[in-house]
Amino acid sequence: MSTLVLLSLTGLGLGALYFLVASGLSLIFGLADVLNFAHGLFLSVGAYGTWWAADRLGLGFVPAAAVGVGLGALAAVLVELLLIRPLYARPIDQVLVTVGLSLAGVALLQAGFGADPVTFPKPAWTEETTTVLGATVPNDRFLLIGVALAVLALLQLFLHRTRFGLIVRAGVEDRAMVTALGINVRIAFTVVFAIGGAAAALGGVLAGVYYGDVSPGQGTSLLIFAFIVVVIGGMGSVAGSALAAVVVGLVQQFTSYYAAAGVGEASVVLVLAMVLLARPGGLTGRTA
Amino acid sequence: MTAEALTAPTAARPVLRVRGLGWAVGGARIVSGLEFDVAEGEFVAVIGPNGAGKTSLFNLISGLVRPTEGSIELDRADITADPPHRRARRGLGRTFQSSSVFAGLSVLENVRLAAAAHRGSCLRLWRRADSGTAAREAAMGALARVGLSTRAADLAGALSHGDKRKLEIAILLVTEPRLILLDEPMAGVGTADVPALTEVIRTVHREEGRTVLMVEHHMDVLLGLADRVAVMHHGQLLALDTPEKVTADPLVQDAYLGETL
């Protein structure tokens with residue numbers, strides 16, 4: 001029983017990380033049709049930004065994380081404005097630019113902060129444990145799950161309760177029709193990039209807490225699972241991403257524990273294949 | 001028929017003025033030599049056999065395609081070179097043959113989106129979308145006028161085809177258009193829904209005084225609705241007169257080859 005509880009909470013925590021990266025990825029694809037391979041870079045910017053603010057500026061964890069998230073959002077906006085915007089009519093070039101950027105980003109982080117992992121400034125309480133139903137659970141799991149739930153709630157509020165969210169949902173469904181109404185959808189692209197960048201950066205902060213250190217390639221490896229989550233959940237759907245992230249996180253944890261370490265990753269790909277065979281559009285349709 | 005006769009009732013100032021309008025693709029003339037006015041508050045219907053150029057005419061007026069000759073004026077401003085969204089801002093609203101509503105949004109949200117676009121309030125993006133703003137009142141008003149008030153909270157995708165058409169008209173109304181282009185609004189609508197939809201269109205014209213240009217395949221829908229009927233054939237304007245006179249026109253009867261109008 002205690003193993004089940006620990007595996008479930010760890011799986012949910014991992015799912016929380018995937019969701020933070022995948023939600024922005026999914027919205028950006030749904031609205032702007034951009035497959036953003038540089039999304040993992042925003043995660044790394046968040047993680048390194050937090051480490052930098054804590055280590056070099058001596059800030060506490062929460063203000064340092066705020067700096068990291070702010071830098072992630074800023075990086076996303078700059079990428080959209082400078083690199084993606086001129087290429088909206090050229091999807092292949094767009095993919096090339098974001099792939100190139102993700103490679104260049106890893107190299108830049110290595111040049112700036114070294115190829116070795118740096119120790120992440122995680123708060124002391126996340127290293128303690130809490131006993132749940134007989135299981136000794138590290139506190140960072142609760143932080144991950146709690147933050148992801150809060151981000152999910154905020155995203156839903158944004159999408160369903162603000163005028164801008166309305167434009168985003170309509171744009172995900174049919175961008176041309178929104179333009180025909182005389183609405184400038186391009187502004188929405190930038191804001192969705194900012195939101196996605198901030199969420200991914202927050203994912204970077206939490207990945208730092210979870211793994212205990214930050215390395216240049218971390219964003220890229222998490223991005224692969226985030227892409228799988230987006231495809232399973234349905235492109236453009238935040239709720240679908242949340243559901244798929246939970247499924248992927250749990251499947252990965254349980255199979256890794258009961259089979260072997262590599263089987264966790266393989267079984268996630270198996271889930272992906274099964275979902276695509278049964279529902280080619282993902283678990284949810286094309287709605288934000 | 002002479003050009004003067006075609007452009008006759010111009011006592012009220014024309015909302016739409018079309019002069020020498022032609023469109024050719026790769027040497028093939030799709031429409032040519034179109035000249036007519038639509039006066040303020042007038043309801044003009046465009047009929048003609050399939051392939052007569054009715055939808056091409058609509059695409060030219062709404063700016064989806066650029067004419068190869070001639071000019072289009074909306075409220076005396078030359079819009080021939082304007083892109084579609086600028087024409088929309090100038091007051092030209094159109095529906096499409098295929099239904100164009102956001103299925104994943106609620107009925108009210110569909111109209112709100114258009115209201116927000118029309119009011120240019122997209123800059124105040126973070127305002128709550130459902131707060132009691134003027135845009136919401138305008139949206140509810142437009143829904144009331146097409147008889148969809150009770151469906152406001154439903155998903156647009158769940159509406160019947162006829163109700164989707166009404167929603168499209170509500171979306172148009174909320175943008176306060178100077179000229180409404182309706183492209184075969186009855187297409188695909190169940191026969192049971194046709195009278196109600198016709199009534200909505202009649203209200204938009206008669207009670208709100210909107211200027212309407214409507215493409216329709218069947219004449220019977222237009223009787224009692226249209227002030228004048230334009231008959232198109234092979235990309236040209238064959239006749240433009242009251243529905244009664246047009247139906248009696250031998251040229252028009254020829255064009256339809258005995259097919260009932």
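Worth knowing before you read on, the calculation uses all heavy atoms, side chains too, and leaves out hydrogens, waters and symmetry mates. This one's a predicted model, so the numbers in the text were calculated from it and none came from an experiment.
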Can you list every pair that meets side chain to side chain donor-acceptor pair (under 3.5 Å) and has a residue in residues 63-81 of chain A, with sequence neighbours left out?
-> Glu80(A)-Tyr88(A), Glu80(A)-Thr190(A)
More than 12 non-hydrogen atoms from neighbouring residues, nucleotides or ligands closer than 6.0 Å to CG on Leu57(A), yes or no?
-> yes
Point-to-point distance, once rounded to the nearest 0.5 Å, from NE2 of His160(A) to CD of Glu109(B) | 8.0 Å
Among all residues two or more places apart in sequence or in another chain, which pass the side-chain hydrogen bond (donor to acceptor under 3.5 Å, both in side chains) test with Glu208(B)?
-> Arg145(B)
Under 3.5 Å, side chain of Glu173(A) to main-chain N/O of Ala103(B), donor-acceptor pair present?
-> yes
Out of curiosity, Leu105(B) CG to Ile167(A) CD1, how far, rounded to the nearest 0.5 Å?
-> 11.0 Å
For Phe102(B) and Asp174(A), which heavy atoms make the closest approach, and how far apart are they?
-> CE2-O, 3.5 Å
